[in-house]
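All values below come from the heavy atoms of this structure, side chains included, with hydrogens, waters and symmetry mates left out. Lettering follows sequence order; numbering is per chain, from 1.
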Number of protein chains: 2
Amino acid sequence: MAEGPTINTIARHAGVSIASVSRVLNGLPTREETVRRVLRAAEELGYVPNSVARSLKSRRTNQVAFAMADIGNPVYLAMVREIQPVLRAAGYRLLLHSTDADVADELDVLRGLGERYVDGLIMIPLRVTEGHLSALAAARAPVVVIGSVPEGAGVDNVRTDSRTGVRLALDHLYGLGRRRIAFVNGPADTVPGAARAAAYREALDALDLPYDEDLVEVGDFYRAEGARAVRALLDRAGDVDALMCANDLIALGALDVLRRAGRRVPEDVAVVGMDDTDLAAVAWPSLTSVSLGSARRGRAAAELLLDRLENGEREPRVVTVEPRLAVRASTVGARAAEEYGENGAAGEAGDGGEGAREAGRTAGEEGIR
Amino acid sequence: MAEGPTINTIARHAGVSIASVSRVLNGLPTREETVRRVLRAAEELGYVPNSVARSLKSRRTNQVAFAMADIGNPVYLAMVREIQPVLRAAGYRLLLHSTDADVADELDVLRGLGERYVDGLIMIPLRVTEGHLSALAAARAPVVVIGSVPEGAGVDNVRTDSRTGVRLALDHLYGLGRRRIAFVNGPADTVPGAARAAAYREALDALDLPYDEDLVEVGDFYRAEGARAVRALLDRAGDVDALMCANDLIALGALDVLRRAGRRVPEDVAVVGMDDTDLAAVAWPSLTSVSLGSARRGRAAAELLLDRLENGEREPRVVTVEPRLAVRASTVGARAAEEYGENGAAGEAGDGGEGAREAGRTAGEEGIR
DNA sequence: TTGTAGGCGTTATCAA
DNA sequence: TTGATAACGCCTACAA
């Protein structure tokens, strides 16, 4: 761990000034003889430029941060997987912040931009408070927010459209002849919780189905909670023939409970999840799920940020990613599901940007394919 | 995005020297009046110290990098989830490198340490070449390697023991009365592939079971390949009564094929995976899997690195994480599996360090629980 | 073509 | 207790 050589060391070694060293290293016009001597010295000494010093001078770190609640969440994970290569290709390193869905943490991250340890930030706030808006306005580096943010927040914004998403699912279920379509939501006081609840009512309306309180259960966005909620639902409304779940984990819990209750999926009860995570394809029966385009949102966010880093002064932009329905066995049965193709959704990563990259052979430690 | 204030700005504002500003900001003894003026100016100007300048001076970045093949891989993901909070608690930011399992990339990361953009590195090399060894020896910052590394490599090292892992699985299967235990491996020329192949032979030996070439199939570490391999196996050795799969994805592929072939799991064929990823608990039937302690390995690596950052000169240390068997339905049946507890393995995160942290409510975008 | 010198924002030393 | 000043490693006018 010897102290590394600096341009000073090289200058001495090569018998030139540090300015010449810098010039050579940056490819500025220099006498050939000098170039040779500098390069040789650099080579011999194993010189590597100090990025911190360079950053201080250039005011760029070539680092970008991504802040989300928890990297263990498959939705955020899908985003990271897209964000990382895009940034990397542009020469940026990726820094990860797990905010644990804590508002104070999120605000800290925003204020932390003043430390200038990154050139920009992609963030998914749990919810958007007043504090967020003022912190965003005062941010000392470009920020891209994933998740809806009010007009005039002054930041680039990537959204999805859960309204349409829920609508796709309910239309699908309706088309399959389902009429008693229950809804299992997460907490109503979260942004997505509220949005999805509203979307459910709207979709029912559009289909001319009555809104029945007995068919709605609110729990949390976890598997165990999903199970609990579905048990409650079945007790209360034994005639449900479809479950719209506010995310895939809830849906997995639903599958567990239905299986134990002896209800066949999808014959007796069809189940739809949301987010179209990797888990949907692994579940049995495989899970029909509304894709909210996590990967595409991640990619879009990265691209917006890069663009803004080149071009700091353009107007803030809003990108909306359209939801899709990934049809699988939990609504149409295993046989039909195969006809839809292996996973229903048409290439989540979109536009030739392949989501699941070839990872070579990691031997027992591989991503899903 | 106005240029931020520096200690110079504050000094002018407060009518003191930059030295005084620095002192106050660092809590060094200062006259109270001066403290007040500096703090007020800092407050008014919204001063935030520039971490780049600070790093240049202090020669510490408070950043640590984690380099693995692909963050989408559930095994690495489990590691990141442990590494992140440990580092964060110690005041370090986490930087992510996806090497795509490319040796050249890995070496680049090691050489890149010379840029001093991080204080240390945790890395999982795909395989350990000569190049790795010399790059490790020349590394300009402390490195912790996850995965076996030869004695004398001079770096901290976290390992698992796949030998024992496979042994646990085969003992379990044997105990259930299985005698025709096939093995589905990934490429034999990878480190884990080779290790697991050897472990399988050894475990057979220990059980006095014959090694039967027909019972071994080599493919890749993916679900589709696992499916292919198992089809081949069934064609060739229809009497297999158990499948030892070299990772969970292969095992998932196996479940698909068995289901289609009308073989009941576990009644006709028991299936064991490896790595005990989140997917194992989601699969149906839920998958018995050898846990190689991904989370614990991650945590151990982070702790080793932190220790070394405090104490640069101690001897390199080797930590070995013991494998465990997570028994689930794919070997003992759904009913019995429940008696083992929800997922068989006794708290993978170990030692009170809870792996699956409460993530609050992320509303539709949650990790598995 | 090259070298000297100043500055990026901090910290730390040394006089005053 | 405070201020001037010199680093940290690099880049870049500007002068030679």
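- We find that CG of Asn26(B) is positioned 15 Å from C1' of dT13(C), with the value rounded to whole Å.
- If you check distances only, the side chain of Lys57(B) does reach the base of dT11(C) with a donor-acceptor pair under 3.5 Å.
- Taking atom OH of Tyr117(B) as the reference point, atom P of dG9(D) lies 19 Å away to the nearest angstrom.
- Proximity of Thr6(A) to the phosphate of dG9(D): no side-chain N or O atom is located under 4.0 Å from OP1 or OP2.
- Nearest nucleotide to the side chain of Arg54(A), out of dT2(C), dG3(D), dC10(D): dC10(D).
- With contacts defined as side-chain heavy-atom distances shorter than 4.5 Å, the pair Asn50(B)/Thr6(B) does not qualify.
- Look at Arg31(B) and you'll find a side-chain N or O under 4.0 angstrom from OP1 or OP2 of dT2(D).
- At a cut-off of 3.5 angstrom, the base of dG9(C) holds no donor-acceptor pair with the side chain of Arg59(A).
- Straight-line distance from the CG atom of Asn8(A) to the C1' atom of dC10(D): 10 Å, rounded to whole Å.
- Of all the heavy atoms in Tyr47(A) and Pro5(A), the pair that sits closest is CD1-O, 3.4 Å.
- The CZ-P distance, from Arg60(A) to dC8(C), rounds to 19 Å in whole Å.
- Distances shorter than 4.0 Å separate none of the side-chain N or O atoms of Ser22(B) from OP1 or OP2 on dT10(C).
- Within 4.0 Å (heavy atoms only), Val52(B) reaches no atom of the nucleic acid at all.
- Side chains of Asp119(A) and Thr61(A): a donor on one and an acceptor on the other come within 3.5 Å.
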**Request:** Test side-chain contact (heavy atoms from CB on, under 4.5 Å) on Tyr92(B) and Leu309(B) and set out the steps.
**Result:** CA-CA 11 Å; Tyr92(B) 287 87; Leu309(B) 287 171; 3.6 Å; yes
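- Along DNA chain D, the nucleotide nearest Leu56(B) and the nucleotide nearest Ser20(B) are compared for position; the residue whose nucleotide lies closer to the 5' end is Ser20(B).
- If you measure from atom CG of Leu45(A) to atom P of dG9(D), you get 14 Å, rounded to the nearest angstrom.
- Classification of Glu33(A) and Arg36(A) as a salt-bridged pair holds, one side-chain N sitting under 4.0 Å from a carboxylate O.
- Within the 4.0 angstrom heavy-atom criterion, only backbone atoms of the sugar-phosphate kind lie near Pro49(B); the bases stay farther away.
- Side-chain nitrogen and oxygen atoms of Ser58(B) include none within less than 4.0 Å of the OP1 or OP2 phosphate oxygen of dT11(C).
- For the pair Leu28(B) CG and dG3(D) C1', the interatomic distance rounds to 15 Å; values are reported in whole Å.
- Taking 4.0 angstrom as the limit, Tyr47(B) places a side-chain polar atom (N or O) nearer than this to OP1 or OP2 of dT10(C).
- A salt bridge links Arg88(A) with Asp105(B): the distance from a Lys NZ or Arg NE/NH1/NH2 to an Asp or Glu carboxylate oxygen falls below 4.0 Å.
- Taking 3.5 Å as the limit, the base of dG9(C) and the side chain of Arg116(A) contain no donor-acceptor pair of atoms between them.
- Comparing Thr34(B) and Ala53(B), the nucleotide of DNA chain D nearest to each residue sits closer to the 5' end for Thr34(B).
- Atom CD1 of Ile7(B) and atom P of dA4(D) are 13 Å apart (whole Å).
- Minimum atom distance to the side chain of Ile18(B) is reached by dT5(D), of the listed dG9(D), dT5(D), dA4(D).
- Rounding to whole angstrom units, CZ of residue Arg23(A) and P of dA13(D) are separated by 11 Å.
- Between dT10(C), dT2(C), dC10(D), one nucleotide has an atom nearer to the side chain of Thr30(A) than all others, and that is dT2(C).
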